[in-house]
Each structure stands twice: as C-alpha cells, then as structure tokens.
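Just follow the structure's listing: the first ligand is 1, and inside any ligand the first atom is 1.
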Amino acid sequence: MKIIMLGAPGAGKGTQAKMIADKYNVPHVSTGDIFRANIKNGTELGMEAKKYMDQGLLVPDELTVKILLDRVAQDDCRNGYVLDGFPRTIPQAEVLDNELTKLGETIDFAIDVNVPDENIINRMSGRRACLACGATYHIAHVPPKQEGICDRCGKELVLRDDDKPETVKNRLEIYHEQTQPLIDFYTKKGVLKTVDGTVPMNEVFEAIVAILGE
Ligand code: AMP
C-alpha cells in the first residue's frame, strides 16, 4: 500500500503517518526527518538543506527528489510506504509518478489532513522537539512527563527554528503556493481522500482507517 500524506505544516500529518505505519506495517518515510538526521550528522546534504529549512523555505527539488527516490528504492519499501512531507511541489509529484509508472506501480491513496490556517500557527508554537532522538511533543496535546525534557532520551526539548511563528507564516504561504496544487493533481488521479484534521488525533486516525480499510 502506497500512501501520501498531504496537509499544511502542523496539520498533524506526521503523527497520522506514524500511526498508519504502525497499523499497516509499512515504513514511515519523512523527507523532513531524513534532512534533520543529515543535519545532526553534519553531512554535506544536511548543511545544504539547513540553509533552506531554517527560513521555512523548501529544499530545492533536485536534492529532495534524490533522497526520496533513494529511500523508497530500499528493500523495506517493497510492499509500500507512507510518505510524509513528500511530494511538496508539482515537479516532485511528477518525478515520483514517472518513477512509479516505470515500475508499473501507482499511489493508492493521497490523504489530505485538512486544518484551516488560523489553527496552524497556534498549534505549531506549542510543538517541542528533541534534537537528539527526533521525538516530538506538544505542550498542550502530547506533553512530555517532565516539562522541557524528552521522555525517550532525557535531553532538552526545543521549539524548532522552523516551528517559530515567523517561519510558520512563511511555510504556510509556501504551502498554499506550491503544495496545495497537489490536491488537484491527486484528485485528477482519483486517489485523493480528505479528512478533517481539527478533531482529536484518534478521531482523525479512525477516519483514515475507514478509508484505508481494517
Ligand atoms: P517537515 O518535517 O516535513 O515539516 O519538513 C521540514 C522542512 O524540511 C521543510 O520546511 C522543508 O524546508 C524541508 N522539506 C521536507 N520535505 C521537503 C520536500 N518534499 N521538499 C522540499 N523541502 C522539504
């Protein structure tokens, strides 16, 4: 099963993608996570990506497409995957589509987790992340056991640069300009499904399971 998660930054698609990956036993592939791992390890790719990410800009398609295609070519993706944060532009979607066509494959579902802009900025300012192990929290909805400290590894939690309000505004503008056209792209392919992302996380997931099947 090949699934794409769509939705504005902060819509909760990452959380849903992880839940889908667990239930349906497919890898969760997040280009954002791959970039962050590269930044942490100080790779050349990480250094290059960081310049864009810190400003809330998209990493150029050439870089992003390459890391994604390398990732989905790995063995664990043979029976499918859930893509979180890719594609984010029409050219990215077209490259993915062409690659899948070559393999005689298609995307089964593109799930749009729909949340209005006004909810997003509030939500993002409450996010906290552990830069050491990648765990994410929300001060109101998914708080760590001890304030400011990662449950998983005990390191300090931070508000990621790309979750700061100014950056979030940029990211939303970019989302509307560059990523929202994908809704049309996948509607035309007949695979788009929309779920309401404003309800509690478990209800969003129930709506997704109703689409994907038990
Ligand atoms: P995310 O964790 O998905 O919110 O991604 C964090 C940041 O990584 C984004 O704001 C972009 O700068 C970059 N990024 C992740 N995925 C992509 C993509 N498909 N295309 C371009 N940039 C991306």
Any side-chain to backbone donor/acceptor pair from Q92 onto R88? Under 3.5 Å, distance only. yes
Contact summary for V82 and A17, nearest pair of heavy atoms: CG1-O, 3.6 Å
Can you check whether M5 reaches I20 side chain to side chain, under 4.5 Å on heavy atoms? yes
Test V95 against D61 for side-chain contact (heavy atoms from CB on, under 4.5 Å), laying out the working first. CA-CA 10 Å; V95 172; D61 286 344; over 6 Å; no
One residue to check: T64. Relative to ligand 1, which of side chain, backbone, both or neither has a non-hydrogen atom less than 4.0 Å away? side chain
Quick test of your reading of the model: are D22 and K18 salt-bridged, counting only N-O distances below 4.0 Å? no
Salt bridge check, R123 against D163: does any charged N sit closer than 4.0 Å to a carboxylate O? no
Taking only heavy atoms of L57, which atoms of ligand 1 are found under 4.0 Å from at least one of them? 11 (C), 12 (O)
If we count only N and O atoms by modelled type, under 3.5 Å, do the side chains of N119 and T198 hold a donor and an acceptor together? no
For ligand 1, which is the ligand I care about here, please tell me if D33 has any N or O atom under 3.5 Å from one of the ligand's N or O atoms. no
Heavy-atom nearest neighbour in the protein, as seen from atom 23 (C) of ligand 1, with distance rounded to 0.1 Å: F35 CE1, 3.9 Å
I'd like to check which ligand 1 atoms, numbered from 1 as shown, lie under 4.0 Å from a non-hydrogen atom of T31. 15 (C), 16 (N), 17 (C), 19 (N)
Proximal ligand 1 atoms for R36, defined as those under 4.0 Å from one of its heavy atoms: 2 (O), 6 (C)
Among all the protein's non-hydrogen atoms, which is closest to atom 17 (C) of ligand 1, and how far away is it? R88 NH1, 3.4 Å
Under 4.0 Å between a Lys/Arg side-chain N and an Asp/Glu carboxylate O for D117 and K169? no
Does any N or O of ligand 1 fall below 3.5 Å from an N or O anywhere on R171, backbone included? yes
Heavy-atom proximity to atom 21 (C) of ligand 1, best of V59, T179, D163: V59
At a 4.0 Å threshold, what atoms of ligand 1 neighbour a non-hydrogen atom of Q92? 18 (C), 19 (N), 20 (N), 21 (C)
Just to be sure I'm reading this right: ignoring hydrogens, which of K50, K13, M5, M53 gets closest to atom 8 (O) of ligand 1? Compare them by their nearest heavy atoms. M53
Can you tell me the protein heavy atom closest to atom 19 (N) of ligand 1 and the distance? G85 O, 2.8 Å
